Amino acid sequence: MALQVFTAVTGAAWESELVGALDREDHGVTVVRRCVDVADLLAAAGTGTGQAALLSAELRRLDAAAVARLTAAGVAVVGLVEPGDTAAAARLRQLGVLRVLPADALPEEIARALRDAVSGAPPAGHDVADPRAALPVLGLPPEASGRPAGPGRVVAVWGPTGAPGRTTVAVGIADEAARLEVSALLVDADVYGGVVAQVLGLLDESPGVAAATRQAAAGTLDLPALTRLAWAVGPHLRVLTGLARADRWPELRPQAMAAVLEEARRFAALTVVDCGFCVEEDEELSFDTAAPRRNGATLAVLESADEVLCVSGADPVALQRTVRALAALREVLPDVEPVVVVNQVRRGPVPGDARQEIADALERFAGRGVRTFLPADRRATDAALAGGRTLAEAAPHSPLRTGLRTLAAELCGVPVPTGARGRRRR
Ligand SMILES: Nc1ncnc2c1ncn2[C@@H]1O[C@H](COP(=O)(O)OP(=O)(O)OP(=O)(O)O)[C@@H](O)[C@H]1O
Ligand SMILES: [Mg+2]
């Protein structure tokens with residue numbers, strides 16, 4: 001049976017010719033509806049009568065949410081851009097359209113891209129539908145594809161409820177990486193209320209992360225825009241502040257959050273994301289549906305990250321929460337392999353050799369080893385909180401700062417500094 005396709009390329013000079021050619025020849029494609037705008041396309045997608053949509057970059061009001069809704073409705077999307085229009089290709093990719101072709105591609109190439117999109121074949125290699133593969137056709141350099149050009153790594157800092165120290169660890173890692181001269185971007189993506197701005201003493205009125213996701217959803221987030229939105233806290237550290245008001249969580253849409261992180265990879269060598277604690281899903285397991293889901297942004301971050309740190313507390317209650325959270329994560333994102341950082345380690349709540357006991361318990365009940373132990377160091381964290389400063393500034397010789405610096409160096413793949421602790425100031 002022929003693939004049933006919606007088109008939404010109205011207004012483009014080549015529309016009639018293309019749609020006619022697709023329909024006329026036996027490409028295994030039938031155009032079941034020529035949609036006039038995004039609303040029309042979404043309504044058509046809701047009828048379940050088509051498996052794919054062919055849309056042009058010029059389609060007004062096309063945003064990441066619309067692309068996500070099409071995908072959620074089971075409609076695979078292929079984009080068309082004017083030949084040579086790199087900006088439009090990059091924008092479509094940011095909206096989540098992974099297959100982009102020049103509008104003058106042969107009808108059989110477009111039909112193949114539609115079929116591949118429906119079958120879910122990865123848009124890689126020499127597939128004509130791959131935006132990178134389309135670039136020679138477009139006459140564009142590879143870096144114009146909109147794919148991340150930079151090798152920046154994304155580290156998600158996550159963990160169970162109970163305030164185990166996610167923000168402390170995220171801020172510490174980003175700050176220490178920056179002090180090791182690794183360009184770092186700290187993103188506050190906590191959908192239960194972000195506090196990174198306050199922790200760093202920034203008087204932030206408008207959350208940078210909300211503006212960044214808004215721009216990503218519109219396909220307009222690029223490096224200059226990200227630079228404008230991220231506070232410069234030091235020569236190598238920038239911060240996208242979070243939603244201080246937790247009720248604004250619907251602004252952090254998962255698709256847009258993932259696009260922000262893609263751009264972040266081009267922006268900084270290390271992006272550290274402070275995540276919300278919860279990974280439970282409201283309805284089904286997919287987070288890519290039309291209805292906003294509070295934890296969708298967290299899931300998008302965990303899925304996009306190169307490394308996921310699970311920050312755990314160090315007492316029996318906190319460890320129990322960690323075991324449950326790791327099980328929940330495994331259920332929702334089985335491919336994510338978090339590494340455990342046990343924070344607030346102290347004598348008292350765990351008898352005997354606390355580190356050994358904790359490591360044994362996590363191995364036994366969660367099947368995970370411990371990557372790093374960070375000591376309880378209230379004096380250091382209080383000094384930092386009191387001044388809205390980082391640990392390196394407020395307590396440079398503290399054991400907690402030393403532990404975070406070592407962890408940051410390891411994550412960045414730079415030598416762990418020895419001696420002259422904390423003397424460098426920015
Ligand atoms: N190693 C530590 N030693 C002492 N205090 C710590 C340590 N780590 C974090 N804290 C303190 O514990 C409290 C909670 O830490 P933090 O805000 O980093 O946790 P969180 O997991 O981000 O919590 P939330 O759920 O509120 O986002 C803060 O007051 C912080 O200063
Ligand atoms: Mg926090």
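Both ligands and their constituent atoms are indexed starting at 1 by order of listing. Since we're looking at a predicted model, the values are computed, not measured.
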- Using a 4.0 angstrom limit on heavy atoms, which residues are close to ligand 1? Ala163, Pro164, Gly165, Arg166, Thr167, Thr168, Asp190, Asn343, Gln344, Pro375, Ala376, Asp377, Arg378, Thr381, Leu385, Leu400
- Note on the structure: By salt bridge (Lys or Arg N to Asp or Glu O under 4.0 Å), Glu363 pairs with (sequence neighbours left out) none
- Message: In the structure I gave you, are the side-chain heavy atoms of Gln320 and Phe365 within less than 4.5 Å of one another anywhere?
- Response: no
- Query: Between CG of Leu186 and OG1 of Thr271, what distance do you get to the nearest 0.5 Å?
  - Reply: 9.5 Å
- Any protein N, O or S atom under 2.8 Å from the Mg ion (ligand 2)? Found Thr167 OG1
- Item | Student check: side-chain heavy atoms of Val67 and Leu62 closer than 4.5 Å | yes
- Query: Using 4.0 Å as the upper bound for N to carboxylate O, is an ion pair formed by Glu410 and Arg405?
  - Reply: no
- Task: With rounding to the nearest 0.5 Å, note down the distance linking CG in Leu70 to CG in Leu41.
- Result: 4.5 Å
Hey, can you pull the donor-acceptor pairs under 3.5 Å for the side chains in residues 158-170, sequence neighbours left out?
| from | atom 1 | to | atom 2 | distance (Å) |
| --- | --- | --- | --- | --- |
| Trp158 | NE1 | Phe277 | O | 3.2 |
| Arg166 | NE | Cys275 | O | 3.3 |
| Arg166 | NH1 | Gly159 | O | 3.2 |
| Arg166 | NH1 | Pro160 | O | 2.7 |
| Thr167 | OG1 | Asp274 | OD2 | 2.7 |

- Taking atom CG of Leu329 and atom OG1 of Thr322, what is their separation to the nearest 0.5 Å? 12.0 Å
- Examine Arg294 relative to Tyr192 and say whether NZ or CZ is less than 6.0 Å from the centre of the six-membered ring and inside a 45° cone about the ring axis. yes
